[in-house]
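Please read the structure below before turning to the comments.
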Amino acid sequence: MLDIKFIRENKDIVQEGAKKKRIDIDIDKLITLDDERLKILKEVEDIRGEVNRVSNDIGRNQDQALKIQLIEEMRVVKEDLKGKEEKLKLAIEEWQKLMIQVPNVPDISVPDGVDDEQNQEVRNWGDKKVFDFTPKDHVAIVEDLDLADFGRGAKVSGFRGYFMKNDGALLFFALWQYFLDYFVAQGYTPMLVPSLVRKETLFGTGYLPQGEEDLYKTQDGDYLAGTAEVAMMSYYSGEILEKESLPKKFIAFSPCFRREAGSHGKDVKGIIRVHEFFKLEQIILAEASHENSARLHEEITAHVEHLMQELILPYRVVVNCGGDLGLGQVKKYDIEAWMPSQNKYRETHSSSYFHDFQTRRLNIKYRDDEGKLRYVHSLNNTACATSRLPAAILENYQRADGTIEIPLVLRKYMGGKEFIKKIN
RNA sequence: GGAGACGUGGCUGAGUGGUUGAAGGCACCGGUUUCGAAAACCGGCAUUGGGGAAACCUAAUCGUGAGUUCAAAUCUCACCGUCUCCGCCA
């Protein structure tokens, strides 16, 4: 959600921003609605003022006859007020409907483009490994080494269901622990957060109302979140934070649920695209400064790049084009790991910042140096998404004999083991 | 699932129909005092919208939303949440 004042004062910027995001919205119409809203609001407030004044007179007056006369007068005025209040309510509803559709303005550095095809590579790291054999895809690897079970996964959980087992399961645990250790050492607060969340949290983070079809919903009207960001961002909703406590940095772990509606044909095998996975997510709440947000954005991206380098996984960073940005995002980088079997990079991390788009909806504020209440800025980036990251590791670390070399930094989390082999 | 209690400002806590945006306390800010500090004393101190250059004026806000009334923190209803007890489960 943007500030209506900001929208009014920067009409063209907001309209251009929406266009860049390929979102169809009429800002002029919104402003006309806002004019209407303010006009009716003024009328309603004037009448309320009169009612307040006269009511106070009635309370103080001892003259019974006059009292009765004033009460009668007010009764008539109230009739008029009722009609106007009804009009105001409708005007606000229509206004709000449009307000929540107004996207945040993308940063000037965001390239123009329709979808992820037009995302631009910013940099890449690592040599794509040259295999002297035909590398297997991660599906074949996990099946050959008995690291996952998709057949029984589907039997038990349905389409895209999976079990991780043996060293496949241990690899997940190793990655979580490795990433967690790193972020805790960086001063991040470790959190285990709920996946089962209330509707308001998804509105606040901008996943609703637009993303309804991608979310699982319970019979009680709650939802299963697709990321720990949802619960973590809502953690401080409605609160006023101490400026000295900012930036707050969290490394939050949770199961993640995604319906993947509309992508039925994509990645139908394996653990690249699943309905349920686990993720460590970086979430930051910071003071309201664009420079600060932009700096932190680079920082949360750099953390992941550092870890990818430690894992020796070739990757590239792309800056997402306007059309590939979410409603609230100002700018987003995707970090994509090299997948040898597909001969292309695949997204493993998504790093974005929002300014106060989320916190305005969630009502998270702090008091600045002048004592003024301001909405904090929010940012988030994937830290470690299992399953995608282990899939990349398995493919990049496979050997001719079918075994997997365990990345050096993960060995201590896997009992010192160097290779993943088939257990007989 | 059943029964009950409760939800007031940054915190605490009064307030059951009429200048109550809300007493008192804590915290915070300014001042007096002091060599300096503490203590004490004096003063200030909610948010949001609208108008205004400003002083200031005005409307709304006591969990949320409806309702009763000339007038609601206060009465009614629904919802959300918290707590206590019982039941169920671990």
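Below, chains carry the letters A, B, ... as their sequence lines are ordered, and counting in each starts from 1.
- One finds no side-chain N or O of A:N56 lying less than 4.0 angstrom from the OP1 or OP2 phosphate oxygen of B:rC70.
- One finds no side-chain N or O of A:N52 lying less than 4.0 angstrom from the OP1 or OP2 phosphate oxygen of B:rU19.
- Comparing atom distances between the A:L41 side chain and each of B:rG49, B:rA60, B:rG18 picks out B:rG49 as nearest.
- Mapping A:E72 and A:I240 onto RNA chain B via the closest heavy atom, the residue that lands nearer the 5' end is A:I240.
- In this structure, B:rA46 and B:rU61 make a Watson-Crick or G-U wobble pair, each of the two defining distances being under 3.5 angstrom.
- Atom-to-atom, CG of A:L241 to C1' of B:rC11 comes out at 16 Å; the value is rounded to the nearest Å.
- Using a 4.0 Å heavy-atom cutoff across all strands shown, A:L38 reaches sugar-phosphate atoms only and no base atom.
- As a whole-Å value, the separation of A:N363 CG from B:rG9 P is 14 Å.
- Contact between the side-chain N/O atoms of A:R75 and the OP1/OP2 oxygens of B:rC70 is found at a separation under 4.0 Å.
- Without hydrogens or angle criteria, A:Q15 side chain to A:I25 main chain gives a donor-acceptor distance under 3.5 Å.
- Each of A:R411, A:K422, A:K417 was evaluated against A:D167; a single residue qualifies, A:K417, per the salt bridge (charged side-chain N to carboxylate O under 4.0 Å, His left out) test.
- Both distances falling under 3.5 Å, in either a Watson-Crick or a G-U wobble arrangement, occur for no nucleotide opposite B:rG52.
- B:rA23 and B:rC45 are spaced 11 Å apart, taking the P atom of each and rounding to whole Å.
- When the nearest nucleotides of RNA chain B are assigned to A:E45 and A:L70 by heavy-atom distance, the more 5′-ward of the two goes with A:E45.
- Using N1 to N3 plus N6-O4 or O6-N4 for Watson-Crick, or N1-O2 and O6-N3 for G-U wobble, each under 3.5 Å, B:rU84 pairs with B:rA3.
- The base-pairing partner of B:rG10, taking Watson-Crick or G-U wobble contacts with both distances under 3.5 Å, is B:rC26.
- Separating the P atom of B:rA53 from that of B:rA39 is a span of 45 Å, rounded to the nearest Å.
- If you check B:rA90 for Watson-Crick or wobble pairing at under 3.5 angstrom, you find it has no partner at all.
- Between the CG atom of A:D46 and the P atom of B:rC57 there is a distance of 17 Å, given to the nearest Å.
- Rounded to a whole angstrom, the distance from the C1' atom of B:rC80 to that of B:rC57 is 37 Å.
- Comparing B:rA40 with B:rG25, their P atoms are spaced 12 Å from each other, to the whole Å.
- Ranking B:rG10, B:rU47, B:rA59 by closeness to the A:R48 side chain, first place goes to B:rA59.
- One interatomic measurement links the two molecules: CD1 of A:I92 to P of B:rU61, which rounds to 13 Å at whole-angstrom precision.
- In the set B:rG50, B:rU48, B:rA60, B:rU48 carries the atom at the smallest distance from any side-chain atom of A:K365.
- Within the structure, a side-chain polar atom (N or O) of A:R198 is placed less than 4.0 Å from OP1 or OP2 of B:rG81.
- If you measure from atom CD of A:E239 to atom C1' of B:rC11, you get 13 Å, rounded to the nearest angstrom.
- Distance alone, capped at 3.5 Å, places no donor-acceptor pair between the A:S254 side chain and the A:S195 backbone.
- Distance CG (A:D80) to P (B:rC70): 16 Å, rounded to an integer number of Å.
- Checked against a 6.0 Å centroid threshold, the rings of A:H377 and A:Y353 do not count as neighbours.
- When heavy atoms are screened at a 4.0 angstrom cut-off, A:K5 is found touching the sugar-phosphate backbone but no base atom.
- For the C1' atoms, the distance linking B:rU61 with B:rU74 amounts to 16 Å, nearest Å.
- Although no hydrogens or angles enter the test, the distance criterion places a donor-acceptor pair under 3.5 Å between the side chain of A:Q398 and the main chain of A:E395.
- At the phosphate of B:rC45, neither OP1 nor OP2 sits under 4.0 Å from any side-chain N or O atom of A:R367.
- In this structure, B:rA39 forms no base pair with any nucleotide, since neither Watson-Crick nor G-U wobble geometry is met with both distances under 3.5 Å.
- The separation of B:rA14 from B:rU64, taken at their C1' atoms, amounts to 24 Å, rounded to a whole angstrom.
- Residue A:L81 contributes atom CG, which lies 13 Å from atom C1' of B:rU69 at whole-angstrom precision.
- Shown here, B:rU20 forms no base pair; nothing in the strands shown gives a Watson-Crick or G-U wobble contact with both key distances under 3.5 Å.
- Rounded to whole Å, the P atom of B:rU48 lies 11 Å from the corresponding atom of B:rG10.
- Between A:H303 and A:Y188, the ring center distance clears the sub-6.0 Å criterion.
- In this structure, the NZ atom of A:K199 is 15 Å from the C1' atom of B:rU64, given to the nearest Å.
- For the C1' atoms, the distance linking B:rG9 with B:rU20 amounts to 13 Å, nearest Å.
- With salt bridges taken as basic N to acidic carboxylate O contacts below 4.0 Å, one links A:K42 and A:D46.
- Applying the side-chain contact (heavy atoms from CB on, under 4.5 Å) test between A:W95 and each of A:M99, A:K97, A:E93 identifies A:M99 as the sole match.
- When both pairing distances are held under 3.5 Å, B:rU76 makes a Watson-Crick or G-U pair with B:rA66.
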